[in-house]
Engineer: 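The structure is given below, and queries will be raised subsequently.
All figures in this text were calculated on a predicted structure; none of them were measured in a lab. All chains are named by letter (A, B, ...) in the order of the sequence lines, taking the proteins before the strands, and each is independently numbered beginning at 1.
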Protein chains: 2
Amino acid sequence: MGVAERKEREKEELREQILTAAKSLFLKKGVEKTSIRNIADLIEYSPGSIYHYFKDKDEIFYALHQGGFQQLMAKMVVINDLPHPLERLKAMGSIYVHFALENPDMYDLMFIKEAPLDHVARTKALEWNEGEATFKFLRSTLRECMDQGYFQGQEEEALSFLIWSTVHGMVSLSIRRRCEVVLADRQDTIVKDGLDAFFNILDRL
Amino acid sequence: MGVAERKEREKEELREQILTAAKSLFLKKGVEKTSIRNIADLIEYSPGSIYHYFKDKDEIFYALHQGGFQQLMAKMVVINDLPHPLERLKAMGSIYVHFALENPDMYDLMFIKEAPLDHVARTKALEWNEGEATFKFLRSTLRECMDQGYFQGQEEEALSFLIWSTVHGMVSLSIRRRCEVVLADRQDTIVKDGLDAFFNILDRL
DNA sequence: AATATAATTGAACAGTGTTTAATTACAAAA
DNA sequence: TTTTGTAATTAAACACTGTTCAATTATATT
């Protein structure tokens, strides 16, 4: 009687195969330049098959995008060892920046590209749990800092957004290559230096 | 004998027509979803014609992208009226953010999309004069602030990058719609509030 | 062995960017 | 005015894209 279960398992396996193939192609050639036919060729199925597992190309994109947040969150948990909330906040920033620079294509998928949130918008905007969880984690850490007297006269939500924006700004300018011309001589250190300057400012507040 | 000049003028006019049509379509439908055939239809020429004026779609994109910087710089010059350098710095931030939110598609072209700098990379990375000029303007303003004793213990270049990243981060998260879910209740004020918090921090340094 | 169901396919549709051979327009020379 | 040469314009073609769908194949149940 376990035949339905086996079929379910096989279906899940092929779904996973599609995602693996799509991921490797997306990260290698970019989302736009990867076609459904490319993915189909790699897993040796016909293009039409893919549409039995995913509604459209965006749904594949979105499924991968979720995995990225799990990766990021997994790296974040180590900060729980740090007793001081401001140290935790800074560690979060470091982890965020390192994740982005080590996985620029995944970061691009998660925070820069427009497709995934068009998908979210279509599915009634209730699905970006991953992004929400990450932001809430930042907010609660900042809350603890403020409870200990840091950042007085500031408002938690706006300041959280500002901090997120700062690290996002640095890595996204770097990933989308706006530093290459403007900061040609220190391309590869500017994000680290910017982050240090940021931590310096946080310490002084 | 002015026939060559007239022909030159007519050629330039058609080039301008293509750019105007492309701009209106890019801003209305997005770059990706605007086809060469769409542009050709709008100016009532054949698709092939366009390739006598522009090497490819990217070259059209890049030509428009240059115009955006001229717009932004034109708005920036008004800050020269402000005598205090820190006020000038903050005014630059406001102008930058307002420009981005009022012309999100143009901002997208200039600072978020990947295409224009791929073009720059191909043309040996020496062409992003526009972006460079804008950044130099920020640096010189920050220099003046530091000369008057602000931001002590910071390094000019890294801090310039950090400031640019902060405003870029806020507007790009907004433009690429990462606030909608995470900050649903104050979507339309969060960038302004974030900017105020930023100015508040700058004042305290 | 026949039937029902689910998975898979290939062909088709309407679109894309780009190239090119052929055509048209038009100023200069005969 | 007619011919010639050149530059602008075009239609057609190429190789692709995402997506749909009728037809086929495979497989489990009766």
Engineer: Angle class for the B:Phe61/B:His65 ring planes (parallel below 30°, perpendicular above 60°, tilted otherwise)?
Structural biologist: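 Plane angle under 30°, so parallel.
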Engineer: Please report the distance, rounded to the nearest Å, between NE2 in B:His52 and C1' in C:dA22.
Structural biologist: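 So the NE2-C1' distance, B:His52 to C:dA22, works out to 12 Å.
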Engineer: From the list D:dT19, C:dT19, D:dT10, which nucleotide is the closest neighbour of the side chain of B:Tyr51?
Structural biologist: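 From the listed options, C:dT19 comes nearest.
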Engineer: Given atom OH of B:Tyr45 and atom P of C:dT18, what is their separation to the nearest angstrom?
Structural biologist: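 Rounded to whole Å, this separation is 21 Å.
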Engineer: Hey, is the side chain of A:Tyr53 poking within less than 4.0 Å of OP1 or OP2 on C:dT8, counting only N and O atoms?
Structural biologist: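 Answer yes for this pair, as a side-chain N or O of A:Tyr53 is under 4.0 Å from OP1 or OP2.
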Engineer: Any carboxylate oxygen within less than 4.0 angstrom of a Lys/Arg side-chain nitrogen, looking at B:Asp196 and B:Lys192?
Structural biologist: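 Looking at B:Asp196 and B:Lys192, the cut-off is met.
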Engineer: What's the CD1-C1' distance between A:Ile50 and C:dG10, to the nearest Å?
Structural biologist: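 A:Ile50 atom CD1 is separated from C:dG10 atom C1' by 15 Å.
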Engineer: Between D:dT10 and B:Ser49, is there an OP1 or OP2 to side-chain N/O distance shorter than 4.0 Å?
Structural biologist: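 Answer yes for this pair, as a side-chain N or O of B:Ser49 is under 4.0 Å from OP1 or OP2.
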Engineer: Check whether any side-chain N or O of A:Asn38 sits under 4.0 Å from OP1 or OP2 of D:dC16, and answer yes or no.
Structural biologist: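 So the side-chain polar atoms of A:Asn38 never come under 4.0 Å of the phosphate oxygens OP1 or OP2 of D:dC16.
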Engineer: Starting from C1' on C:dT16, measure out to CG on B:Leu25 and report it in whole angstrom.
Structural biologist: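 Those two atoms, CG and C1', are 15 Å apart.
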Engineer: Can the ring centres of B:Tyr96 and B:Phe137 be said to be less than 6.0 Å apart?
Structural biologist: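 B:Tyr96 vs B:Phe137: aromatic centres not under 6.0 Å.
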Engineer: Is it the case that over 12 heavy atoms from other parts of the model lie below 6.0 angstrom from the NZ atom of B:Lys28?
Structural biologist: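 Open: at most 12 neighbouring heavy atoms sit under 6.0 Å from NZ of B:Lys28.
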Engineer: Counting heavy atoms from C-beta on, name the nucleotide in C:dT8, D:dT17, C:dT16 closest to the side chain of B:Arg37.
Structural biologist: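 In terms of side-chain proximity for B:Arg37, the closest of C:dT8, D:dT17, C:dT16 is C:dT16.
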Engineer: May I have the distance from A:Glu10 (atom CD) to C:dA6 (atom P), rounded to whole angstrom?
Structural biologist: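 Atom-to-atom, A:Glu10 to C:dA6, this comes out as 15 Å.
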Engineer: For D:dA8, does either OP1 or OP2 sit under 4.0 Å from a side-chain N or O belonging to B:Lys11?
Structural biologist: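 For D:dA8, OP1 or OP2 has a side-chain N or O of B:Lys11 closer than 4.0 Å.
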Engineer: Whole Å only: how far is the CZ atom of A:Phe61 from the P atom of D:dT19?
Structural biologist: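 Computing the A:Phe61:CZ to D:dT19:P distance gives 13 Å.
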Engineer: Find the distance A:Glu32:CD to D:dT17:P and express it as a whole number of Å.
Structural biologist: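 Roughly 13 Å, once rounded to whole Å.
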Engineer: Check every atom of C:dG10, C:dT19, C:dT16 against the side chain of B:Ser35 and return the nucleotide holding the closest atom.
Structural biologist: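 Nearest listed nucleotide: C:dT16.
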Engineer: Heavy atoms only: give me the nearest B:Gln154-A:Ile201 pair and the separation to one decimal.
Structural biologist: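 Looks like NE2-CG1, 3.5 Å.
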Engineer: What is the distance, rounded to the nearest whole Å, between atom NZ of A:Lys33 and atom C1' of C:dT16?
Structural biologist: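 It works out to 14 Å between those atoms.
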